[in-house]
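What follows is a short report on a single structure.
Start at 1 and go down the list; that is how both ligands and their atoms are numbered.
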Amino acid sequence: MKNVVISGTGLYRPPHIITNAELVESFNAYVALQNDKNAVRIAAGEVEALVPSSVEFIEKASGIKQRYVIDKAGVLDPRRMRPHFEPRSDDQLSLMAEIAVDAANKALAAAGLRGSDIDGVLCAAANMQRAYPAMACEIQQAVGAGGYGFDMNVACSSATFAIEQAVNAIRGGSARRILVVNPEITSAHLEWRDRDCHFIFGDVCTAIILEAEDEATAADRWRILGTRLVTQFSNHIRNNAGFLNRCEDTDPDARDKTFRQEGRKVFKEVVPMAAHFIEEHLASLGFAPKQVRRYWLHQANLGMNQLVIRKLVGGEVGPEIAPLILDEYANTASAGSIIAFHHHHADMLAGDLGVICSFGAGYSVGSVVVQRL
Ligand SMILES: CC(C)(COP(=O)(O)OP(=O)(O)OC[C@H]1O[C@@H](n2cnc3c(N)ncnc32)[C@H](O)[C@@H]1OP(=O)(O)O)[C@@H](O)C(=O)NCCC(=O)NCCS
């Protein structure tokens with residue numbers, strides 16, 4: 001069977017940083033405004049007072065120190081608490097496509113390719129900007145690619161699931177070179193008014209080029225030794241926004257129409273699932289976890305990643321084995337493990353093994369075992 005390689009990655013990083021201190025200051029201003037507005041009802045016991053957030057909690061519970069966002073002013077405005085994006089006409093490039101094209105062009109340059117060399121585009125992300133036409137078709141046209149494009153969503157595992165689709169398409173002969181993009185505008189699905197989760201997400205876009213090994217010319221090539229995916233239904237990470245909402249006559253701004261989670265349960269259930277899954281995947285390829293030089297894990301929670309690695313290889317967990325990017329980027333949904341790979345692979349040697357692994361809503365877990373050529 002044909003070998004498939006990752007021959008380039010690219011990253012779009014939004015222009016604005018929100019530090020935890022800035023985030024907490026605006027959240028606490030929102031809390032004060034709300035509590036002031038509801039003072040009489042709070043005093044009468046009809047409404048519960050909102051509770052302020054804290055930088056110390058956020059850093060201790062998650063490891064997140066800041067996040068990048070496309071719009072900062074809207075998020076930090078205590079009277080708004082969500083980004084503001086200018087609507088665009090149908091003949092303008094969509095926002096998701098714009099950040100995808102930026103990341104895609106960087107990945108193409110890294111792979112030494114042009115857009116016209118690509119004959120398959122997968123737009124894989126936790127949220128799509130519209131129902132149709134597929135974002136992937138717009139991105140395909142904007143980068144000058146041929147072939148076909150389609151959108152896919154497996155929440156935080158969208159990128160790894162897309163890598164498997166790309167590998168299968170190249171092996172099966174339906175495409176020669178595939179561009180996977182992960183435009184994650186998570187600031188638009190995050191409930192910035194909810195203390196339990198307002199610190200979790202950041203915006204970003206990653207891009208990955210996959211091609212047949214015998215055609216790839218980039219100096220930096222990663223043979224894909226195996227991919228494995230699993231899903232198991234859970235309501236513990238959920239967002240009910242969807243096209244039926246307007247027919248249900250429910251409030252489009254209701255709490256269930258943005259990201260919700262039972263963080264503790266997710267932590268407890270996903271850690272053993274991911275660790276076991278990676279171990280089994282490696283075993284099926286004849287490897288033990290300790291033979292892997294680097295794990296580029298999903299970036300949702302520092303403690304979660306430390307536990308996954310400890311279960312796999314024991315001992316101290318340092319950035320050499322499991323690099324962390326969530327302190328800088330926060331949780332960027334499906335892009336997290338790809339950002340970790342993008343920033344932390346240059347020092348690896350030919351023959352070194354690595355695992356890209358995502359875990360998230362679904363639940364879904366995807367692992368990609370790679371070897372540097
Ligand atoms: C979300 C997460 C960081 C929360 O951390 P946690 O330790 O589980 O925190 P909890 O929600 O249990 O809250 C602990 C306490 O901190 C408080 N707290 C919650 N948010 C707070 C905030 N922003 N500031 C201060 N205190 C806060 C809670 O009220 C609670 O107080 P109590 O003990 O008096 O009841 C963590 O559960 C997590 O990351 N889980 C995995 C999530 C994940 O991977 N999701 C995938 C998404 S794609």
| message | Tell me which one of Y12, Y329, F201 satisfies ring pair (Phe, Tyr, Trp, His ring centres under 6.0 Å) with Y68. | response | Y329
| Among N301, N331, L23, whose heavy atom sits nearest atom 38 (C) of ligand 1? | N301
| field | Shortest reach to atom 12 (O) of ligand 1 by a heavy atom, considering only K268, R264, R195, Q261 | value | R264
Considering all protein heavy atoms, does one lie under 4.0 Å from [atom]?
| atom | result |
| --- | --- |
| atom 23 (N) of ligand 1 | yes |
| atom 45 (N) of ligand 1 | yes |
| atom 6 (P) of ligand 1 | yes |
| atom 16 (O) of ligand 1 | yes |
| atom 33 (O) of ligand 1 | no |

| Would a 4.5 Å heavy-atom cut-off, applied to side chains only, mark E215 and R177 as touching? | yes
| note | Which of E56, Q66, E59 passes side chain to side chain donor-acceptor pair (under 3.5 Å) with N20? Answer is E59
| field | Contact with ligand 1 for C156, non-hydrogen, under 4.0 angstrom | value | yes
| request: Run the contact test for S54 against ligand 1 with a 4.0 Å cut-off on heavy atoms, strictly below, and give the result. | output: yes
| request: With sequence neighbours excluded, tell me which residues meet side chain to side chain donor-acceptor pair (under 3.5 Å) with Q141. | output: none
| Among protein heavy atoms, which sits nearest to atom 4 (C) of ligand 1, and what does the distance come to when rounded to 0.1 Å? | F57 CZ, 4.3 Å
| said: Going by the rule side chain to side chain contact (heavy atoms under 4.5 Å, CB included), which residues pair with K106 if we only count those two or more places apart in sequence or in a different chain? | reply: D102
